[in-house]
Number of protein chains: 2
Amino acid sequence: MKSRPNTNPPGRKKIMASFSQLMATKDFQSITTAEIAGNAGVTEGLIYKYFTDKKDLLYQVLNQHFTAFQALIEERTATGKTCFEKLETIIFASLESYTQNRVFARILLLEVRNTPMYFESCAYSMVKKYAATILDIISRGIENKELKPDTDRFLLQKVILGAIEHACLKQVIFNRELDVTAASSGIINIVFYGVKNNECQ
Amino acid sequence: MKSRPNTNPPGRKKIMASFSQLMATKDFQSITTAEIAGNAGVTEGLIYKYFTDKKDLLYQVLNQHFTAFQALIEERTATGKTCFEKLETIIFASLESYTQNRVFARILLLEVRNTPMYFESCAYSMVKKYAATILDIISRGIENKELKPDTDRFLLQKVILGAIEHACLKQVIFNRELDVTAASSGIINIVFYGVKNNECQ
DNA sequence: CATAAAGGTAAGTAACACTTACTTACAAAG
DNA sequence: CTTTGTAAGTAAGTGTTACTTACCTTTATG
């Protein structure tokens, strides 16, 4: 009675790949299970051997992408020194990931949030971990006096998260190009130095 | 042959009201056309006399809410004097609307963006108008030297839009309370003055 | 080699968005 | 007062599609 190693069966991999490929050109709703199966070269029933739901398939694909993304983030932010540098790195990496992997971005920013079930999925816990990373950098920035002591950590976190999303939202939706470097340095400059003009007029 | 006035038939109104009511407790996908009709006291077929689609119904309801919202925004921003005040007003009004009208917020922030069709709807042109209002305030702020001359207007617009959204996203999703005053003044302070600590340490 | 479990298939089902063909109300024109 | 054209509303389908159930096939090991 051997407990077979948790191998990822070829059918399962094919289904996820097929689905990812379809998501590159169509939205979730208009992709049918028949289409996913046909494109993967398996039967429709097999989808439900590995995924409870069509939505579950979506979450699993998102989770797969997010796992790679989170690893990248953690690796890169380890090297940064100041709070400023770390936040710029994380913003840059986020925007870069979103623009280089439009499927990932489209799923995360446009397709999953409409279902309550998502917020109980493992994909969402990855998002929470990502958000926590940002919050942690902010907290340390306050501690070492790099940031103003009365900074609202949670609000700053939300401003940064929102800025990242909206900086690439239009580009992701309409498949346009984005200058990642300019956007990330622009965001971090606004948030750090503010936009108020202090020069004498 | 009298051209009857463009009256809004009772059936149409009942359908929109019924749908709005259902959206308060359920997500779009799990609301059925039979449910909408039953709750409205009409037959299913009538929905398709007034709306091309279930999605079209969603957009029309959103548009209705947004029209009221945009009127509010325009009325209030007229009174503000400085760029700072105007932006604070618009952020406050947005957050207030989102928290007071959760259905509107849920539709706008979570339910519509997943379909390409939305971006051709009249509801989306309202959103563009709203975003243009913010951009206009920023542009004037740069002109009259209230904002730094090298401010990236479009990026600042995105930071503000993103901040508004993320400031209330969690509250909208999980139906929690939000301190609108604290959030809006917090956002505007971060964006105007920045979070960098300039005090001598 | 028996067998148990995982990998995979094929046919079917229920639900639901949307259609079609029809009826009723009603406001003017003749 | 009748005719007529149109808008409001109904009732009974229909095709598609997500999901199920029962079944076959391969493989690995006790």
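Reminder, nothing fancy here: chain letters follow the sequence lines and each chain counts from 1.
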Integer-rounded Å distance: C/dT19 P and B/Asp56 CG:
12 Å
Of all residues at least two apart in sequence or in a different chain, which pass the side-chain contact (heavy atoms from CB on, under 4.5 Å) check with B/Gln29?
A/Gln29, A/Lys55, B/Asp27
Going by heavy atoms closer than 4.0 Å, what residues in residues 12-32 of chain A are next to DNA chain C?
none
Donor-acceptor pair, distance only, cut-off 3.5 Å: does the side chain of B/Gln60 make one with the backbone of B/Leu57?
no
Pick out the pairs of N or O atoms, protein on one side and nucleotides 19-22 of chain D on the other, that lie under 3.5 Å.
{"residue": "D/dC19", "atom": "OP1", "partner": "A/Asp53", "partner atom": "OD1", "Å": "3.4"}
{"residue": "D/dC19", "atom": "OP2", "partner": "A/Tyr48", "partner atom": "OH", "Å": "3.3"}
{"residue": "D/dC19", "atom": "OP2", "partner": "A/Lys54", "partner atom": "N", "Å": "3.0"}
{"residue": "D/dC19", "atom": "N4", "partner": "A/Glu44", "partner atom": "OE2", "Å": "3.3"}

Whole-Å distance separating the CD1 atom of B/Ile47 from the P atom of D/dG9
13 Å
Aromatic ring pairing B/Phe84/B/Tyr193, orientation class (parallel under 30°, perpendicular over 60°, tilted between):
tilted
If you draw the axis of the six-membered ring of A/Phe28, does the NZ or CZ of A/Lys54 fall within 45° of it and under 6.0 Å from the ring centre?
yes
Between B/Glu146 and A/Lys196, does any NZ, NE, NH1 or NH2 come within less than 4.0 Å of an OD or OE carboxylate oxygen?
no
Mind telling me whether A/Phe66 and A/Tyr130 have parallel, tilted or perpendicular rings, with 30° and 60° as the class edges?
perpendicular
Describe the nucleic acid contact of B/Phe51 in one word from base, sugar-phosphate, nothing, applying a heavy-atom distance below 4.0 Å.
nothing
Step-by-step ring-ring contact (aromatic ring centres under 6.0 Å, His included) determination, B/Phe119 to A/Phe174
CA-CA 10 Å; B/Phe119 299 99; A/Phe174 300 110; 5.6 Å; yes
How many Å lie between CG on B/Leu46 and P on C/dT20, as a whole number?
17 Å
Just how far is it from atom CD of A/Glu111 to atom OG1 of B/Thr115, taken to the nearest 0.5 Å?
7.5 Å
